[in-house]
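Single-structure report; data block below.
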2 protein chains.
Amino acid sequence: MSSIRVLIAEDQAMILGALAALLAGEPDLTVCGRAANGREALRALTAERPDVLITDIEMPEMTGLTLAAETRTRFPATQVVILTTFARPGYLRRALEAGAKGYLLKDRPAAELAEAVRRVHRGERVIDPELAAEAWASERDPLTERERQILWRAGEGRSSAEIAAEVHLSEGTVRNYLSEAISKLGAANRIEAARIARQKGWL
Amino acid sequence: MSSIRVLIAEDQAMILGALAALLAGEPDLTVCGRAANGREALRALTAERPDVLITDIEMPEMTGLTLAAETRTRFPATQVVILTTFARPGYLRRALEAGAKGYLLKDRPAAELAEAVRRVHRGERVIDPELAAEAWASERDPLTERERQILWRAGEGRSSAEIAAEVHLSEGTVRNYLSEAISKLGAANRIEAARIARQKGWL
DNA sequence: ACTCGCCCGTGACACTTGTCATGCCGGCGC
DNA sequence: GCGCCGGCATGACAAGTGTCACGGGCGAGT
């Protein structure tokens, strides 16, 4: 009986090593590669053709979400498990749309990781239970592309005038979009709006 | 020859388990306890009296920095290593003031963790080299306690009037403090000021 | 005793921000 | 073709924000 071959992508080297050590303790799993970002992961996928890819979301070079989408089209035999800190419905939705089969939070017990790998390898889906419930109850991203673009800049501390110059719009229009975003999100001002959008994974 | 006894405090269960697995691979180290927050860590310290405590900074109940300070006074035989994501000079400074002997970033290679544990156990100091250099060049926290308190709330999206009510000050005074903080940090507005302060580890 | 720093407050002013009404254009569905 | 929606824009007003000048009190250090 051959073991399940796993590739891990995670930008924090120490966590990457620790996760590898964790899975090394499982007799039916083999860590066949490690990657520090999305680009490295693609190279390793080509070379190793692993059964399962475990990836973080927020990484430099290429996020785990785009990596998941790439993997589905170019390496359909490899199942993807997202492993992240963020319990954001927006992230979960995007992960599933990108073809990920698993979505696991870093605050779950360590034993669940190996179990999740086995289950997606058997063709099952593994979604963090709490998050799954919340995602169903939670509304989807109400922001337009423009609103997102402008709200993001506002969240960085830029003024309406600065944003207007950056995106080639009039200052009044920028304030319009912000006003729209604020009311859609039920916030009191641009700061709170940015905070809410970030927290839901819409920014 | 007896092995070094290590206690790990980290709020993300999976990372906690993975770090334990990582250190379990070292023959001269023994993981004698695990804690999901500062309070649990104190209980484990009392029960186990480990040689070395590895702790994250941002944890619920009690941060790693206050945990480090408590450890120095109540369990002086235990050396503390801070293990965190954040390369913030302010955090490093506070960690050293709290008596920590090591400050390691989660993006260092996994092998450095065990090595750091051995070195602090021998009485050496272990500071992330890049961060040490940066910390020396970087100025220290210019904010007063009041300014920090108010700037933090402003960063959450609260208005001056709301903050005034929360901290029992007049609205004008709140705007005064914010104005002070903004100018100290060289920011253009409260949002940017909060961002800068957060990034430097002053909030 | 005196100064200095932090704390607390006021009032006034200029500027930024949030809202609303209103309008124009282009694409999409029916 | 018509309505609707998203994007783009303007002007005007109210509310919120940032700055400045000024005042008072308290505790620590010289």
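Note that the structure is a prediction, hence the values are computed from the model and not measured. Proteins get letters first, then strands, A, B, ... in listed order; numbering begins at 1 in each.
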* Electrostatic pair B:R43-B:E40, nearest N-O below 4.0 angstrom ->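 Looking at B:R43 and B:E40, the cut-off is not met.
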
* Asked: Quick one: do B:K106 and B:E10 make a salt bridge, cutoff under 4.0 Å?
  ->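 Yes, charged N to carboxylate O under 4.0 Å.
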
* **Along DNA chain C, first and last positions that approach a heavy atom of chain A under 4.0 Å** =>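 So the outermost contacting nucleotides come out as C:dT17 to C:dC20.
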
* May I ask you to evaluate whether A:R146 reaches the phosphate of D:dC8, defined as a side-chain N or O under 4.0 Å from OP1 or OP2? =>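 It does, given that an N or O in the side chain of A:R146 lies less than 4.0 Å from OP1 or OP2 of D:dC8.
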
* So, is A:Y177 near the phosphate of D:dA9, with a side-chain N or O under 4.0 Å from OP1 or OP2? ->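 Looking at the OP1 and OP2 atoms of D:dA9, neither is under 4.0 Å from any side-chain N or O of A:Y177.
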
* To do: Check every strand shown and say whether A:T144 touches a base, only sugar-phosphate, or nothing at a heavy-atom separation below 4.0 Å.
  =>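 Sugar-phosphate contact only.
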
* To do: List the atom of B:L7, the atom of B:A44, and the distance in Å for their closest heavy-atom pair.
  =>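 Minimum heavy-atom contact is CD1-CB, 3.7 Å.
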
* To do: Check B:E97 against B:R72 and note the closest heavy-atom contact, atom names and distance.
  =>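 Shortest heavy-atom separation between B:E97 and B:R72 comes out as O-NH2, 3.1 Å.
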
* Output every pair passing side chain to side chain donor-acceptor pair (under 3.5 Å) with a member in residues 46-57 of chain B, not counting sequence neighbours, ordered by first then second residue. =>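 As it turns out, the side chain to side chain donor-acceptor pair (under 3.5 Å) pairs with a partner in residues 46-57 of chain B, which skip direct neighbours, are B:R5-B:E48.
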
* To do: Sort and list the pairs that fulfil side chain to side chain donor-acceptor pair (under 3.5 Å) and have at least one residue in residues 109-127 of chain A, not counting sequence neighbours.
  =>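 Of all non-adjacent pairs touching residues 109-127 of chain A, those that pass side chain to side chain donor-acceptor pair (under 3.5 Å) are A:E26-A:R118, A:D28-A:R118, A:R108-A:E112, A:E115-A:R118, A:R119-A:E124, A:R122-A:E124.
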
* Nucleotide by nucleotide, 5' to 3', does protein get under 4.0 Å of the base (B), only the sugar-phosphate (S), or neither (-) in nucleotides 17-28 of chain D, counting heavy atoms? -> BBBBB-------

* Cationic tip of A:R88 within the cone over A:F86's six-membered ring, i.e. under 6.0 Å and within 45° of the normal? ->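 The answer is yes; both the distance and angle limits are met.
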
* Between the first and last five pairs of the helix from C:dA1-D:dT30 to C:dC30-D:dG1, the angle of the axes, rounded to 10 degrees ->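 The angle separating the two end axes equals 40°.
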
* **Modelled atom types, side-chain donor and acceptor of A:T71 and A:T78, under 3.5 Å** =>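 Judged by distance alone, the side chains do not pair up.
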
Validation: residues 187-198 of chain A side-chain donor-acceptor distances under 3.5 Å, sequence neighbours left out:
unit_1, atom_1, unit_2, atom_2, d
A:N189, OD1, A:I191, N, 3.1
A:N189, OD1, A:E192, N, 2.9
A:N189, ND2, B:G157, O, 2.7
A:R190, NH2, A:S160, OG, 2.8
A:E192, OE1, A:A188, N, 3.1
A:R195, NE, B:E156, O, 2.8

* Asked: side-chain contact (heavy atoms from CB on, under 4.5 Å) between B:I54 and B:I82: does it pass, once the steps are laid out?
  -> CA-CA 6 Å; B:I54 298 174; B:I82 303 280; over 6 Å; no

